[in-house]
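Below: one structure, written as structure tokens.
These figures come from a predicted structure and were not determined experimentally. Numbered from 1 within each chain, the chains take letters A, B, ... in sequence-line order.
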Amino acid sequence: MSEIKAPKGTRDIFAPEVHKWQYLEAAIHAYYRKFLYQEIRTPIFEHSELFSRGIGSETEVVQKEMYTFRDKADRSLTLRPENTASVVRAAIENNLFEIMAPLRFYYIGPMFRYDKPQKGRYRQFQQFGIEVFADDSPQVDAEVIFAAVDFLKKVGIVQLQLDLNSVGCPQCRPAYLQLLRQAAHAEEKRLCPDCQRKIAGNPLRIFDCKQPGCADASRAFPLIGDHLCGECRDHFAAVREALSWMNVPFHLEPRLVRGLDYYTKTAFEVTSGQLGAQNALLGGGRYNSLIRELGGPDMAGIGFAAGMERIILHLERLAAPQPRILFVAYQDPQWLAHAVQLAQALREEGYPVAVDYQGRNLKKQFKKADRLAAAFTLVLAEDEVRSGTVSVKDMASQEQSKIPLKDLNAWLKKNY
RNA sequence: GUGAGUGUAGCUCAAUGGUAGAGUAUCAGACUGUGGAUCUGACCGCUGCGGGUUCAAGUCCCGUCACUCACCCCA
């Protein structure tokens with residue numbers, strides 16, 4: 001038993017689970033290519049300031065959950081808790097906005113949050129996501145949402161719910177927040193201490209609270225949907241219409257708030273009923289001020305991020321791909337050289353091939369072949385070597401035949 | 001950050017406070033040209049860690065760490 005264990009909230013992934021990861025990653029690459037997204041890989045740590053400015057210094061993520069450290073030159077660095085800020089930073093830094101608009105990126109990679117681990121929640125976790133810059137049309141919102149929901153369906157997740165809201169923009173949100181604060185102040189005594197603090201900070205979060213007093217009080221609070229400016233209202237209506245073109249059912253959730261401050265207008269979240277407490281599979285929205293706030297041009301942006309661990313949990317029933325392999329066995333160690341060479345030749349043809357170098361007798365080797373779920377076991381002994389053949393046993397049907405080595409390839413092509 | 005539950009062999013789990021066990025996996029043999037079954041044997045443990053109570057602790061108590069679940073937050 002090892003003394004040193006993986007740090008809290010981290011884990012090792014290996015077979016058979018790793019097959020699901022490979023499947024999911026391949027699916028992401030293939031799917032988002034269809035929408036002309038380009039992969040972008042950014043560093044897993046950034047200057048801490050990127051996240052406090054980008055995500056919002058008042059957010060829970062920035063205040064409590066960041067892995068921040070100082071390097072040897074006393075720079076404050078942070079393991080990325082999400083990737084949108086990094087992608088924006090990279091686009092600004094590399095002048096990617098100059099290339100071609102709209103810009104479309106997708107990413108896959110580890111994120112880090114100092115959270116208490118739980119089902120579907122780790123300190124190092126894997127997200128994939130997409131970002132579209134320089135396109136403020138509501139149809140893009142709808143396309144991004146479609147590309148989120150449709151992908152989840154394509155990988156076999158059935159029970160999901162799409163919650164949709166508009167959280168307004170710098171034109172209309174400040175006035176609404178004033179109204180909300182007033183309403184909250186009036187009911188302050190019914191609110192829990194946590195929510196009383198939220199009044200000054202981010203009163204939208206009061207809607208999230210499940211304390212009976214807070215939930216009761218907040219039911220009467222004004223909703224952002226009734227206080228959107230003309231532009232936001234029109235945009236939101238157009239998003240909903242475009243979603244109907246695309247046959248994407250959604251649930252309007254006027255209290256939906258996202259945890260990162262940069263969202264404007266469209267905000268959405270996909271949840272699953274099968275996940276327990278950590279039921280958010282994916283969340284995203286529009287962030288039309290973020291690029292400017294991080295020092296770039298005044299440019300629109302929208303995207304989402306999805307939690308891959310949570311998707312993997314839904315893939316539990318996915319049949320693990322049975323690797324069909326070939327097993328080369330030898331009757332006596334004196335034929336080992338022939339076995340090795342046969343294995344090489346077969347791998348050259350693309351087959352996964354196993355040889356057990358310490359196989360003492362054929363029985364043991366067959367047992368091993370069985371364990372490895374070999375499709376065929378190829379046996380070499382004096383007979384075969386002398387006649388330039390190999391005995392090939394179909395492990396399922398138990399049929400065995402002697403195949404001349406020169407015909408083996410053709411035979412395998414037919415029977416493998 | 002708050003609360004609850006659980007930590008015993010690689011894995012799944014036993015053990016009224018009284019010698020740490022079984023199944024499974026692994027290895028070997030029965031069986032030196034053929035797998036899945038069966039039988040026999042071997043290997044496998046600072047009972048998470050540190051204290052305490054006791055003649056005696058896997059078991060009771062305290063602490064700690066880890067995992068799990070919920071709150072919270074979020075993906």
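- Between L290(A) and the options T264(A), T84(A), I55(A), a side chain to side chain contact (heavy atoms under 4.5 Å, CB included) holds for only T84(A).
- Neither OP1 nor OP2 of U34(B) sits under 4.0 Å from any side-chain N or O of K363(A).
- Comment: R11(A) does not engage E309(A) in a salt bridge, judged by the lack of any side-chain N to carboxylate O separation of less than 4.0 angstrom.
- In this structure, E269(A) reaches neither bases nor backbone, as no heavy-atom distance under 4.0 Å exists between it and the strands shown.
- Under the Watson-Crick and G-U wobble criteria, each requiring two contacts below 3.5 Å, nucleotide G18(B) is paired to C55(B).
- Side-chain N/O atoms of R121(A) and base N/O atoms of C69(B) include no donor-acceptor pair closer than 3.5 Å.
- The residues K265(A) and D141(A) are annotated as not salt-bridged, no charged nitrogen and carboxylate oxygen being separated by less than 4.0 angstrom.
- Using Watson-Crick or G-U wobble geometry with both donor-acceptor distances under 3.5 Å, C69(B) finds its partner in G3(B).
- Look at Q118(A) and you'll find a side-chain N or O under 4.0 angstrom from OP1 or OP2 of A70(B).
- Mapping S397(A) and T10(A) onto RNA chain B by nearest heavy atom places S397(A) closer to the 5' end of the strand.
- Pair check for G41(B) finds C27(B); Watson-Crick or G-U wobble, both atom distances under 3.5 Å.
- Residue contacts for A369(A): at a heavy-atom cut-off of 4.0 Å it reaches no nucleic acid atom on any strand shown.
- In the model, Q127(A) has no side-chain atom that pairs as donor or acceptor with a side-chain atom of N83(A) under 3.5 Å.
- Near RNA chain B, meaning a heavy atom under 4.0 Å from it, residues 79-92 of chain A has no residue at all.
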Show your reasoning for whether ring pair (Phe, Tyr, Trp, His ring centres under 6.0 Å) applies to Y31(A) and Y106(A). CA-CA 11 Å; Y31(A) 185 85; Y106(A) 76 95; over 10 Å; no
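- G120(A) comes within 4.0 angstrom of a nucleotide base, judged by non-hydrogen atoms across all strands.
- Within 4.0 Å of G284(A), counting heavy atoms only, lies no atom of the nucleic acid at all.
- A donor-acceptor contact under 3.5 angstrom links the side-chain atoms of Q400(A) to the base of U34(B).
- Relative to the six-membered ring of Y416(A), R324(A) meets both conditions, a distance below 6.0 Å and an angle of at most 45° to the axis.
- No contact: F128(A) has no heavy atom under 4.0 Å from any strand.
- In the model, Q124(A) has no side-chain atom that pairs as donor or acceptor with a side-chain atom of T10(A) under 3.5 Å.
- If you check residues 383-393 of chain A against RNA chain B, the residues with a heavy atom closer than 4.0 Å are D383(A), E384(A), S391(A), K393(A), listed by number.
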Could you walk me through whether V392(A) and N415(A) pass the side-chain contact (heavy atoms from CB on, under 4.5 Å) check? CA-CA 11 Å; V392(A) 182; N415(A) 296 282; over 6 Å; no
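- Phosphate contact (OP1/OP2 of U68(B), side-chain N/O of K119(A), threshold under 4.0 Å): absent.
- For D332(A) and G33(B), the CG to C1' distance is 11 Å, given to the nearest whole Å.
- Side chain E65(A) to base G1(B): no donor-acceptor pair is found below 3.5 Å.
- For S86(A) against E46(A), the heavy-atom pair with the smallest separation is OG-OE2, 3.1 Å.
- Note on K64(A): nothing from the nucleic acid sits closer than 4.0 angstrom, heavy atoms only.
- Of all nucleotides listed (G29(B), G1(B), A75(B)), G29(B) comes nearest to the side chain of K364(A).
- T42(A) and R89(A) share no side-chain donor-acceptor pair at under 3.5 Å.
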